[in-house]
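Remarks on the structure that follows.
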Amino acid sequence: MRAFFVFIRASFFCPLTDWRRIMSELTIPYEETEIYKVRHSLAHIMAQAVSELFEPGEAKIAIGPPIDTGFYYDFELPRQLTPEDFKGIEKRMRQIIGGKHPFEKRIVTAEEAKAEFAGQEFKIDLIEGLEAGGVDEYGEPLEGDVEISFYTHDTFTDLCRGPHVEHTGQINPSAFKIMSIAGAYWRGDEKNAQLQRVYGTGWKNKDELKAHIQMLEEAKKRDHRKLGRELDLFSFDEEVGPGLPLWTPRGTVIIDELEKLAKEVERRHGYKQVRTPHLTKEDLFIRSGHLPYYAEGMYPPMELDGSNYYVKPMNCPFHHKIFASSHRSYRDLPLRLGEYGTCYRYEKSGELFGLMRVRSMQMNDAHIYVSEAQFEEEFMDVIDIYKEYFELFGIEKYVMQLSLHAADGLGKKYVDNEALWIKTEGMVRQAMINGGVPFVEEKDEAAFYGPKIDVQIWSAIGREFSLATNQVDFAVPERFDLTFVNAEGEEETPLCIHRAPLSTHERMVGFLIEHYAGKFPVWLSPEHVRVIPITDAHADYAKKLADDLYNQGFRAEADLGDKRMNAKIRDAQKMQVPYMLVVGDAEVENGTVSLRKRDGSQQDGLPVAEFTAMLKEKVETRSPEL
RNA sequence: GCCACCAUAGCUCAGCUGGUAGAGCAACCGCCUUGUAAGCGGUAGGUCAUCGGUUCGACUCCGAUUGGUGGCUCCA
């Protein structure tokens with residue numbers, strides 16, 4: 001499982017279809033590839049170089065695996081490393097590589113291992129994990145007989161199961177680079193010591209390294225935080241607060257278009273829209289389970305008239321109350337209640353990330369109440385909505401993940417009913433298999449009330465996020481005493497599907513900015529058309545053109561400033577306006593426009609009516625074409 | 001929240017080892033009247049994030065706070 005997953009992560013810059021193809025045709029796991037060995041070996045070499053910066057025994061080494069584009073190693077050191085150390089570390093690594101030291105494997109007993117690593121508390125911890133429970137460096141159980149092995153190259157020995165290159169000379173000394181330092185908790189647990197993690201990138205050759213670094217620079221250019229400012233879509237203000245975005249008129253257009261789309265789709269799928277308050281008494285969140293299970297994600301309460309009130313982190317309890325507000329029959333089901341409600345979550349300060357992770361968010365939310373018999377069909381109808389959206393947006397690079405509970409979280413972060421967890425997880429798994437939808441499984445990723453299908457995507461800089469989500473709730477309807485009368489005249493508790501195929505407006509827009517690199521399809525563009533007069537003499541014609549388009553419902557503006565036409569075109573290009581209409585003597589005389597598209601193509605003498613018809617068609621069909 | 005780093009005009013950035021600030025773009029005002037990605041000139045704009053300390057003197061050194069960045073943890 002782990003290997004499979006690492007492999008998926010390894011290919012986050014390739015379209016989904018690539019790893020599937022690679023998986024099926026080559027069937028070589030990442031761990032058996034040459035580059036994996038190179039990166040793994042680089043991690044050891046780096047650990048040696050870093051250790052040598054200090055007196056023997058002073059540097060405590062933890063773990064150092066290969067990752068998707070390179071490797072890292074975690075250390076506990078007498079002082080903080082800084083980027084100034086990188087050059088020296090790299091230089092020493094090149095020396096070690098040049099020494100052509102063989103990697104020698106040795107199988108040892110736990111006692112020998114502990115003796116070798118006396119004073120190295122993290123290694124001792126690992127050895128004890130291997131010895132006692134057969135637990136790997138991530139704390140996950142290992143299968144089969146566990147052997148403890150060492151790999152030694154030059155003067156450096158590490159506890160390691162390999163594999164490695166045969167000798168350090170097989171590594172290209174000009175195809176790696178130390179990238180950054182970051183904090184990381186031992187065994188990934190925030191209760192443990194925080195270590196210094198040094199990240200490096202490693203490749204087959206210099207060209208691959210160069211290509212990778214270039215790709216990182218390209219990715220930075222499409223970072224939604226940068227484009228959001230450049231395209232004037234949203235901003236943050238220190239006085240307003242972290243994670244609380246301010247949407248400008250241009251950004252709001254995109255949100256409005258997404259809502260319009262969602263309402264159309266949901267109308268077609270039988271949803272009804274509802275509206276609920278942002279605030280509620282704590283009683284509601286006690287009943288829903290949010291206060292017992294989700295309190296740390298919530299803003300603290302405010303006291304009013306002797307009651308505690310909370311701002312909502314989710315819309316579901318309100319929708320449950322709407323379900324409960326009248327007597328429900330099986331004939332009412334599935335009951336689909338949609339609301340793009342604004343929620344507030346107290347995300348830890350360090351977790352905030354542009355629009356992708358905010359504290360105030362508008363969910364593309366709906367709750368669907370179904371009988372167990374209706375579950376599969378309805379759940380898959382939601383998956384169909386996902387697919388419809390992803391096709392519309394041309395999103396290909398995603399992974400559907402079945403997020404499961406973990407037994408040790410029962411009663412803490414998960415509702416304490418393991419039998420029901422296992423049952424509903426099986427229902428979701430079977431529905432996905434029956435629907436022929438590929439997915440991966442991850443433990444300990446569920447919502448507190450049930451398992452879910454999350455759609456994982458990656459931001460421009462490679463950080464992973466859940467975009468859409470489709471969740472089953474087997475617990476909360478019962479807490480709310482929700483029932484419907486079934487065909488036999490008996491009271492029955494419904495299941496609830498929580499779903500957000502368009503994620504939150506914030507994350508969706510953030511994602512789309514990066515997905516399109518700011519070049520939105522016409523229907524999503526904050527400005528459809530900019531009319532550019534060649535001289536002042538054409539200003540009236542330009543203004544009338546823009547007004548006419550505006551009055552027909554399009555987002556059109558005329559640029560009547562005193563800049564030259566060339567500069568105005570440049571301005572419109574930089575804002576990624578899809579259509580520029582340049583008008584001069586010829587156009588005024590003939591009632592035409594010169595159409596310049598964002599891609600630089602040009603069409604002269606186009607009758608206004610023809611342009612308008614084309615624009616209308618592009619917008620109404622939500623065409624991906626320019 | 002944790003570890004590290006960063007913070008100069010709306011934006012992008014200069015400012016040497018402490019002697020109280022500069023450029024380009026944007027904005028505004030003129031001139032030019034222009035054919036598909038920057039015409040020319042001028043004006044204005046900064047308690048150098050905030051607060052405190054060291055110093056004769058702080059944008060520069062130190063501390064705290066706020067906000068951001070890279071990770072970790074967490075997540076729509």
Side-chain angles (χ1 to χ4, degrees), chain A residues 72 74 76 80-83 179-199 223 225-226 229-230 232 235-243 294 296-297 313-314 343 345-358 361-365 403 413 445 447 452 454-457 461-469 471 498-508 510-511 532-539 561-574 580-587 594-598 600-604:
Chain A
Y72 67 78
D74 289 348
E76 189 179 75
Q80 181 63 40
L81 293 175
T82 71
M179 301 298 278
S180 61
I181 328 163
Y185 301 106
W186 171 237
R187 289 193 188 276
D189 188 332
E190 61 185 322
K191 289 191 273 298
N192 289 342
Q194 185 144 29
L195 311 171
Q196 295 187 51
R197 175 169 295 177
V198 183
Y199 280 96
D223 189 320
R225 295 167 296 184
K226 183 175 156 69
R229 192 171 43 241
E230 289 172 358
D232 190 22
S235 66
F236 288 93
D237 186 285
E238 202 170 308
E239 232 169 316
V240 176
Y294 196 76
E296 71 171 30
M314 295 185 196
C343 294
R345 294 183 186 176
Y346 191 74
E347 306 289 353
K348 293 180 192 169
S349 56
E351 293 164 350
L352 301 172
F353 180 74
L355 286 181
M356 304 294 249
R357 192 75 181 277
V358 290
M361 71 211 79
Q362 221 182 324
M363 327 261 299
N364 171 236
D365 215 357
S403 299
K413 48 197 277 203
E445 296 277 332
K452 50 182 182 164
D454 290 318
V455 179
Q456 302 302 108
I457 50 100
I461 63 164
R463 205 176 287 186
E464 181 181 359
F465 289 93
S466 294
L467 193 69
T469 188
Q471 319 180 342
H498 306 234
R499 41 111 281 176
L502 285 181
S503 189
T504 59
H505 291 349
E506 288 73 16
R507 188 170 287 181
M508 193 68 196
F511 173 77
I532 297 170
I534 290 176
T535 75
D536 292 350
H538 316 112
D562 60 2
K563 283 182 177 174
R564 278 165 190 258
M565 174 207 65
N566 289 298
K568 291 179 181 178
I569 288 173
R570 182 162 189 268
D571 289 345
Q573 284 285 157
K574 280 170 67 181
M580 287 152 266
L581 301 182
V582 179
V583 294
D585 287 342
E587 287 74 20
S594 167
L595 169 65
R596 179 197 164 97
K597 294 187 185 176
R598 182 171 63 196
S601 66
Q602 189 179 331
Q603 199 176 345
D604 291 333

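All chains are named by letter (A, B, ...) in the order of the sequence lines, taking the proteins before the strands, and each is independently numbered beginning at 1.
Atom CD of A:Gln603 is separated from atom C1' of B:G35 by 16 Å (rounded to the nearest Å). Remark: C1' of B:A38 and CD1 of A:Ile569 are 11 Å apart, rounded to the nearest angstrom. Remark: P of B:G70 and CG of A:Asp223 are 7 Å apart, rounded to the nearest angstrom. Going from atom CG of A:Leu355 over to atom C1' of B:G68 covers 15 Å, rounded to whole Å. Taking atom CG of residue A:Asn566 and atom P of nucleotide B:G39, one finds them 7 Å apart after rounding to whole Å. Computed from coordinates, the A:Glu76 CD to B:A4 C1' distance equals 15 Å when rounded to whole Å. Whole-Å rounding puts the A:Lys226 NZ to B:U12 P distance at 8 Å. Atom CZ of A:Phe353 is separated from atom C1' of B:G71 by 12 Å (rounded to the nearest Å).
Distances were taken from every side-chain heavy atom of A:Glu238 (C-beta onward) to each of B:G70, B:G39, B:U66; the shortest belongs to B:U66. With B:G35, B:C74, B:A76 as the choices, the nucleotide that has an atom nearest any side-chain atom of A:Thr469 turns out to be B:A76. When each of B:U73, B:A76, B:U34 is scored by its nearest atom to the side-chain atoms of A:Met565, the top-ranked nucleotide is B:U34. Closest to the side chain of A:Tyr185, out of B:A37, B:G1, B:C75, is B:G1. Proximity note for A:Glu190 (side chain, C-beta onward) versus B:A37, B:U73, B:C72: the nearest is B:U73.
Here, B:G42 and B:U50 have their P atoms 31 Å apart, quoted to the whole Å. The same atom, P, is picked in B:C72 and in B:C11; the two are 29 Å apart, to the nearest Å. B:C61 and B:U20: their C1' atoms are spaced 16 Å apart (whole Å). Separation of the C1' atoms belonging to B:U34 and B:G39 is 9 Å when rounded to the nearest angstrom. To the nearest whole angstrom, the two P atoms, one in B:C25 and one in B:G41, are 9 Å apart.
Looking only at atom types and distance, the side chain of A:Ser466 has a donor-acceptor partner in the side chain of A:Gln456 under 3.5 Å away. In this model, no donor atom of one side chain and acceptor atom of the other lie less than 3.5 Å apart for A:Asp365 and A:His498.
Listed by chain and residue number, A:Gln196 satisfy the side chain to side chain donor-acceptor pair (under 3.5 Å) test with A:Gln80 (two or more places apart in sequence, or in another chain). By the side chain to side chain donor-acceptor pair (under 3.5 Å) test, A:Lys574 is found to be paired with no residue, residues two or more places apart in sequence or in another chain being considered. A search for ring-ring contact (aromatic ring centres under 6.0 Å, His included) contacts involving A:Tyr185 returns nothing, not counting sequence neighbours. Remark: A:Arg598 pairs with no residue by the salt bridge (Lys or Arg N to Asp or Glu O under 4.0 Å) rule, at least two apart or across chains. Contacts of A:Arg197 classified as salt bridge (Lys or Arg N to Asp or Glu O under 4.0 Å), with partners at least two apart in sequence or in another chain: A:Asp74. Not counting sequence neighbours, the partners of A:Glu347 by the salt bridge (Lys or Arg N to Asp or Glu O under 4.0 Å) test are A:Arg357. When the side chain to side chain donor-acceptor pair (under 3.5 Å) test is applied to A:Ser403, the partners found at least two apart in sequence or on another chain are A:Gln401, A:Asp454. The side chain to side chain contact (heavy atoms under 4.5 Å, CB included) test applied to A:Ser349 returns A:Arg359, not counting sequence neighbours. With sequence neighbours excluded, no residue forms a side chain to side chain donor-acceptor pair (under 3.5 Å) with A:Lys597.
Between A:Ser180 and B:G71, a side-chain N or O to OP1/OP2 separation shorter than 4.0 Å is absent. At B:C74, none of the side-chain N or O atoms of A:Arg345 fall inside 4.0 Å of OP1 or OP2 (strictly under the cut-off). For A:Arg463, a side-chain nitrogen or oxygen approaches OP1 or OP2 of B:G71 to under 4.0 Å. The shortest distance between the side-chain N/O atoms of A:Tyr294 and the OP1/OP2 oxygens of B:A76 is not below 4.0 Å. Here A:Arg570 does not reach the OP1 or OP2 of B:G39: none of its side-chain N or O atoms lies under 4.0 Å away. Side-chain nitrogen and oxygen atoms of A:Arg229 include at least one within less than 4.0 Å of the OP1 or OP2 phosphate oxygen of B:U12. Distances shorter than 4.0 Å separate some side-chain N or O of A:Lys452 from OP1 or OP2 on B:A76. Under 4.0 angstrom from either OP1 or OP2 of B:U69 there lies at least one side-chain N or O belonging to A:Arg225.
As judged by a 4.0 angstrom heavy-atom cut-off over every strand, A:Gly188 is placed among residues touching the sugar-phosphate backbone only. Within 4.0 Å of A:Glu587, counting heavy atoms only, lies at least one base atom of the nucleic acid. As judged by a 4.0 angstrom heavy-atom cut-off over every strand, A:Met361 is placed among the base-contacting residues. Nucleic acid contact for A:Leu467: sugar-phosphate only, since backbone atoms but no base atoms lie under 4.0 Å from a heavy atom of the residue. Using a 4.0 Å heavy-atom cutoff across all strands shown, A:Ala182 reaches at least one base atom of the nucleic acid. In this structure, A:Asp585 reaches the bases: a heavy-atom distance under 4.0 Å links it to at least one base atom across the strands shown. Residue-level contact check: A:Phe236 touches neither bases nor backbone, having no heavy atom under 4.0 Å from any strand. Across all strands, A:Glu347 comes closer than 4.0 Å to base atoms (heavy-atom distances).
A:Phe511 has its side chain out of reach of A:Ser503: every pair of non-hydrogen atoms, C-beta onward, lies at least 4.5 Å apart. Under the 4.5 Å side-chain criterion, counting only non-hydrogen atoms from C-beta, A:Met356 is in contact with A:Ile457.
Checked by distance alone, A:Ser503 brings no side-chain donor or acceptor within 3.5 Å of a matching partner on the base of B:A76. Taking only distance into account, the side chain of A:Gln602 never meets the base of B:G35 through a donor-acceptor pair shorter than 3.5 Å. Below the 3.5 angstrom threshold, one finds no donor paired with an acceptor across the side chain of A:Arg197 and the base of B:C3.
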Query raised in the report: What is the per-nucleotide protein-contact pattern of nucleotides 59-64 of chain B, from the 5' end, where B denotes a base atom under 4.0 Å from a protein heavy atom, S denotes such proximity for sugar-phosphate atoms only, and - denotes neither?
Result: ------
Report summary line: In 5'-to-3' order, the base (B), backbone-only (S) or no-contact (-) status of each nucleotide in nucleotides 27-33 of chain B, using a 4.0 angstrom heavy-atom cut-off, is -----BB
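The pair A:Arg187-A:Asp189 does not count as a salt bridge, with every side-chain nitrogen at least 4.0 angstrom from each carboxylate oxygen. Note on A:Arg345 versus A:Glu351: no salt bridge recorded, every NZ/NE/NH1/NH2 to OD/OE distance being 4.0 Å or above.
Pairing analysis of RNA chain B (Watson-Crick: purine N1 to pyrimidine N3 plus N6-O4 or O6-N4; G-U wobble: N1-O2 and O6-N3; both under 3.5 Å) yields stems of 3 or more pairs at B:1-7 with B:66-72, B:10-13 with B:22-25, B:27-31 with B:39-43, B:49-53 with B:61-65.
Where A:Arg357 and A:Ala586 meet RNA chain B, the nucleotide closest to each residue was compared, and A:Ala586 sits on the side nearer the 5' end. Comparing A:Gly354 and A:Phe465 along RNA chain B, the residue whose closest nucleotide (by nearest heavy atom) sits nearer the 5' end is A:Gly354.
Under a cutoff of 6.0 Å and an axis angle of 45°, A:Arg507 and A:Phe465 do not form a cation-pi pair.
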